[in-house]
Amino acid sequence: LLPPVPGVPVYLFTGVVLASACPYGFWPGTGIAIIVAYVLKLAACTLQQKGFGEGFGKSPWIRAQVGVHKPLIRAIEIVLRRPGITVAKVAI
């Protein structure tokens with residue numbers, strides 16, 4: 001989510017509103033609130049990565065600040081480019 005709006009208050013508000021306002025009862029409302037919060041979190045992460053990450057990722061200054069040219073990041077890149085799922089990939 002946006003930095004001025006942290007996720008926890010949004011998720012708590014969603015849980016309180018949906019759980020209490022659900023016509024099927026509290027527990028189905030809680031389940032619906034969990035699903036809505038999960039989808040909201042995934043959508044926010046996706047939009048932020050596409051919006052900010054993709055745009056800033058092309059900037060040489062940002063890439064230098066993040067350190068994509070350093071040996072650690074290069075080693076991680078080599079491990080992640082290997083085909084298949086390995087213990088090393090899962091550990092990263």
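Residue indices begin at 1 and follow the sequence shown.
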Please check if [X] and [Y] belong to a single hydrophobic cluster, counting links between Ile, Leu, Val, Met, Phe, Trp and Tyr side chain heavy atoms closer than 4.5 Å.
| X | Y | result |
| --- | --- | --- |
| W61 | V68 | yes |
| I76 | V79 | yes |
| F52 | L47 | no |
| V17 | I34 | no |

Nearest heavy atoms of [X] and [Y], plus distance in Å:
| X | Y | result |
| --- | --- | --- |
| Y11 | L40 | CE2-CD2, 4.0 Å |
| C22 | P28 | SG-C, 4.3 Å |
| A33 | G15 | CB-CA, 3.7 Å |
| G67 | I73 | O-CG1, 3.3 Å |

Please indicate whether K70 has more than 12 foreign heavy atoms, meaning atoms of other residues, nucleotides or ligands, lying under 6.0 Å from its NZ.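 No - once you tally the heavy atoms of other residues, nucleotides and ligands closer than 6.0 Å, there are 12 at most.
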
L42 atom CG, over 12 foreign heavy atoms within 6.0 Å: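 For L42, atom CG is crowded (more than 12 foreign heavy atoms under 6.0 Å).
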
W27 CH2 to I32 CD1 distance, which is reported to the nearest 0.5 Å: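 Answer rounded to 0.5 Å: 14.0 Å.
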
Atom pair CG (L80) and OG1 (T86), whose distance is rounded to the nearest 0.5 Å: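 The distance works out to 8.5 Å.
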
Is there any salt bridge (Lys or Arg N to Asp or Glu O under 4.0 Å) pair reaching into residues 46-66, and which pairs are they, with sequence neighbours excluded?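 Sorted result for residues 46-66: K50-E54.
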
Using the test salt bridge (charged side-chain N to carboxylate O under 4.0 Å, His left out), find all partners of R82 that sit at least two apart in sequence or belong to another chain.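 Salt bridge (charged side-chain N to carboxylate O under 4.0 Å, His left out) list for R82, sorted by chain: empty.
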
